[in-house]
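As structure tokens, the structure follows; a few thoughts come after it.
Not measured: the values here are computed from a predicted model. Every chain is numbered from 1 and lettered A, B, ... according to where its sequence line falls, protein lines coming before strand lines.
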Amino acid sequence: MRLSRYFLPILKETPSEAQIVSHRLMLRAGMIRQASAGIYSWLPLGFKVLRRLEQIVHEEQQRAGHIPMLMPTIQSAELWQESGRYNAYGPEMLRIRDRHDRDMLYGPTNEELITDIFRSSVRSYRELPLTLYHIQWKFRDEIRPRFGVMRGREFLMKDGYNFDLTKEDALHAYNRHFVSYLRTYERMGLKAIPMRADTGPIGGDYSHEFLVLADTGESEVFYDSRVTDFEFGDRAIDFDDRAALQGIYDQWTSLYARTDETHDDTVFAEVPEDRRRKARGIEVGQIFYFGTKYSEPMGAKVQGPDGQAVPVHMGSHGIGVSRLVGALIEANHDENGIVWPASVAPFKVGVVNLKQGDTDADAACEALYAGLATRGLDPLYDDREERAGAKFAGMDLIGCPWRITVGPRGLKNGVVELTCRRTGESEELSPEAALDACAQRLARAL
RNA sequence: CGGGCUAUAGCGCAGUCUGGUAGCGCGUUCGUCUGGGGGACGAAAGGUCGUGAGUUCGAAUCUCGCUAGCCCGACCA
């Protein structure tokens, strides 16, 4: 993309409403604009990141064998009355009435809808196991939205639902989500720690929240410092291998890691004192096993091998996709702006032309831009008539992982400068070598 | 929902107490000089002062209502 033809309304000054760094930077970098309290428009740069996160979530869900679909944002109140949650949910649920005076609602979650779809189509245990998911906008009418997209009222979320014949099968689905979430967050360059959690209004027996450690986090967390050493890495995984998944689950849950809701001082005291950590975290995902909580009242049953109809065992699992954009910035920034992990960066390489209009510099930038695009490296070429300082500041703010700086001075010696956003280290290379270096270093992030 | 606060140009703010021609910085447009970390000089555009009523010869300024937004708390992915 040529910056001169893009829409990137960056701000030099910080809008006064933004209190935390991710909110400030998202506004300054022209990623979002507030439409009303807790509701945001996603401008091109922010939208690009959001789409990229969605893509990673889709890939990892489908790798685990889960099936994508799409349910509506507006739901009828009837199903919620059937499950008993229409009254239970409270004012957080946005209730709407249509022209026929029917009670509707903007869905805060989709257990009822998915259970209705399931019960009307699935009759036999032979069609199980089944895990369906979608990525859709949700609405929770928070009393006090804040922190930008981290605690908005409208938010984009991946929510998935598993249907299994037995509790054992459903717990395997739980583990499958547990492991696929570890992979998902790691691919985004995030360290998300699974912590034993409260089940809240969803209900159920088992639940883990995935938290990114950050000072601005809303949850207080307690953990054994060694949990942060665990890394999923490149290991190949067969999501049908129950023992393997159980092993990974057991490893990650072997050490103390809880939010304040489930924290237990007595148990925590057993952790060696030098490893006890108390910190704050941002919740970026949660998984639940809740058995027959919805299938029983809503009559979602299948016939088992013995011909008897039994309610299915279910679980639900969420990843806060829009919130992740904020969490990523909280975890990846410095005083100059955002420092995107390469895998989620909206643009992978920025090209800065130090002297727009200089024949050699223009030609070299065009060649680099074309070469980067050909290699699929999604370059952003700052071809504006701006001073060098303004271009550098802009690139730093929006957080391109790599920057190639091109100026007449370097070109006289046949070199351009390749700079790493995260470390600030620069090297002088020929334009061709710079292209190859970018391709090589970004290979894993594409 | 309880407590606190704000609303004046695209953004950040002053002006309000003490009523009298609506200002500053940044950004934007044009020109010149510039050109390796938000440059300089010159010119210009841009505002129903959130909104409705009231007081007054006269209201951004005083009074009352309304709306929107922000912060702290309780609540939450």
Side-chain angles (χ1 to χ4, degrees), chain A residues 9-20 23-24 27-28 30 33-39 89-93 107-110 136-159 181 192 197-202 207-212 217-219 259-261 281-288 316-327 335-337 352-358 361 382 384-397 403-412 415-417 419 424 426 428:
Chain A
I10 65 174
L11 303 171
K12 208 163 167 178
E13 287 171 281
T14 304
S16 58
E17 77 262 21
Q19 302 301 312
I20 64 167
H23 191 193
R24 277 204 303 270
L27 289 168
R28 285 197 53 212
R33 181 149 303 174
Q34 181 166 312
S36 54
I39 302 177
Y89 223 94
E92 196 174 81
M93 182 153 76
T109 174
N110 290 269
Q136 178 62 292
W137 292 93
K138 309 285 190 294
F139 197 93
R140 290 184 194 171
D141 198 359
E142 300 283 346
I143 296 165
R144 185 152 96 85
R146 60 184 130 170
F147 304 152
V149 298
M150 298 242 291
R151 176 102 182 268
R153 293 195 291 172
E154 189 182 51
F155 56 99
L156 187 64
M157 179 173 162
K158 188 271 333 186
D159 48 321
Y181 278 27
D198 193 30
T199 54
I202 310 275
S207 184
H208 278 87
E209 286 181 340
F210 290 76
L211 290 112
V212 173
E218 294 185 84
S219 312
T259 64
D260 51 0
E261 292 160 339
I282 302 164
E283 194 192 326
V284 292
Q286 187 163 13
I287 58 177
F288 300 88
S316 70
H317 327 86
I319 292 179
V321 180
S322 52
R323 162 178 281 199
L324 268 169
V325 180
E335 63 280 4
N336 295 320
V352 169
N353 187 344
L354 292 174
K355 192 169 184 181
Q356 210 69 43
D358 178 272
D382 191 344
R384 297 170 306 156
E385 284 287 344
E386 284 288 344
R387 313 271 307 181
K391 293 188 177 187
F392 289 141
M395 285 294 179
D396 286 350
L397 177 61
R403 186 186 77 210
I404 301 178
T405 308
V406 180
R409 196 183 299 170
L411 287 175
K412 280 204 183 70
V415 297
V416 296
E417 188 183 63
T419 307
S426 289
E428 295 203 326

- [ ] Once you apply the 3.5 Å cut-off to both distances, tell me the Watson-Crick or G-U wobble partner of B/rG58, or none.
- [x] none

- [ ] Report the base-pairing partner of B/rA7 (Watson-Crick or G-U wobble, both distances below 3.5 angstrom), or none.
- [x] B/rU67

- [ ] Write down the partner of B/rU18 under the Watson-Crick or G-U wobble criteria, each distance required to be under 3.5 Å.
- [x] none

Open item on the list: For the C1' atoms, the ones on B/rA22 and on B/rA59, what distance do you get once it is rounded to whole angstrom?
Closed with: 13 Å

Task: Short side-chain to backbone donor-acceptor contact, A/Tyr181 and A/Ala192, under 3.5 Å - done: no

Task: Under 3.5 Å: donor-acceptor pair, side chain of A/Ser426, backbone of A/Thr419 - done: no

Open item on the list: What's the gap between B/rA14 and B/rG25 when it is taken at their P atoms, as a whole Å value?
Closed with: 16 Å

Open item on the list: Could you tell me how far B/rG65 sits from B/rC72 if I compare only their P atoms? Round to whole Å.
Closed with: 27 Å

Task: P spacing across the pair B/rG42 / B/rC24, given as an integer number of angstrom - done: 14 Å

Open item on the list: Return the pairing partner of B/rG73 with a 3.5 Å limit on both distances, Watson-Crick or G-U wobble; otherwise return none.
Closed with: B/rC1

Task: P spacing across the pair B/rG69 / B/rC75, given as an integer number of angstrom - done: 23 Å

Task: Pairing partner of B/rC24 (Watson-Crick or G-U wobble, both distances under 3.5 Å) - done: B/rG12

TODO: Give a yes or no on whether the backbone of A/Pro15 and the side-chain of A/Arg24 come within a donor-acceptor separation of less than 3.5 Å.
DONE: no

- [ ] Identify, between A/Glu154 and A/Lys391, the residue whose nearest nucleotide on RNA chain B lies closer to the 5' end.
- [x] A/Lys391

- [ ] Have a look at A/Arg153 and say if it touches a base, only the backbone sugar-phosphate, or nothing, with a 4.0 Å heavy-atom cut-off.
- [x] nothing

Open item on the list: So A/Glu17 and A/Arg146, do their side chains get closer than 4.5 Å, heavy atoms only?
Closed with: no

Open item on the list: With rounding to the closest Å, how many angstrom separate the P atoms on B/rA40 and B/rG47?
Closed with: 27 Å

Task: Per-nucleotide protein contact string for nucleotides 25-36 of chain B (B base, S sugar-phosphate only, - none; heavy atom under 4.0 Å) - done: BBS------BBB

Open item on the list: I'd like to know if the side chain of A/Lys138 reaches the main chain of A/Leu156, judged simply by a donor and an acceptor atom lying under 3.5 Å from each other, with no hydrogens or angles considered.
Closed with: no

Open item on the list: Suppose we define a pair by two distances each less than 3.5 Å, Watson-Crick or G-U wobble; what does B/rA40 pair with here?
Closed with: B/rU32

Task: Nucleotide B/rG37, atom C1' - distance to CG of A/Leu397 in whole Å - done: 14 Å

TODO: Determine whether A/Pro108 and A/Tyr89 make a side-chain contact, defined as any pair of heavy atoms from C-beta on separated by less than 4.5 Å.
DONE: yes

Task: Between P of B/rG12 and CZ of A/Arg28, the distance in whole Å - done: 13 Å

Open item on the list: According to side-chain contact (heavy atoms from CB on, under 4.5 Å), who are the partners of A/Asp358, at least two apart in sequence or on a separate chain?
Closed with: A/Lys355, A/Asp360, A/Ala361, A/Pro408

Task: Integer-rounded Å distance: B/rC76 P and A/Met157 CE - done: 15 Å

Open item on the list: What contact category does A/Asp358 fall into here, base, sugar-phosphate, or nothing, at under 4.0 angstrom with non-hydrogen atoms?
Closed with: nothing

Open item on the list: Classify A/Arg33 by what it touches in the nucleic acid, base, sugar-phosphate, or nothing, heavy-atom distance under 4.0 Å.
Closed with: nothing

- [ ] For nucleotides B/rC62 and B/rU8, find the distance between their P atoms and express it as a whole number of Å.
- [x] 16 Å

- [ ] Say whether, by atom type as modelled, one donor and one acceptor occur between the side chain of A/Lys158 and the main chain of A/Gly320 under 3.5 angstrom.
- [x] no

- [ ] State, with a plain yes or no, whether a side-chain heavy atom of A/Val352 is found less than 4.5 Å away from one of A/Met395.
- [x] yes

Open item on the list: Can you check the distance between B/rC49 and B/rU28, where both ends of the measurement are the P atom (answer in whole Å)?
Closed with: 27 Å

- [ ] Would you check if the side chain of A/Lys12 reaches a backbone N or O of A/Arg28 as a donor-acceptor pair within less than 3.5 Å?
- [x] no

Would you list the protein and nucleotides 70-74 of chain B atom pairs, both N or O, that sit under 3.5 Å from each other?
residue : atom : partner  : partner atom : Å
B/rC71  : OP2  : A/Arg144 : NH1          : 3.4
B/rC72  : OP2  : A/Arg144 : NH1          : 3.2
B/rC72  : OP2  : A/Arg144 : NH2          : 2.5

TODO: Could you tell me whether the side chain of A/Asp141 and the main chain of A/Ile143 form a donor-acceptor pair under 3.5 Å?
DONE: no

Open item on the list: Can you tell me the base-pairing partner of B/rC49? Count Watson-Crick or G-U wobble geometry only, both distances below 3.5 Å, and say none if there is no partner.
Closed with: none

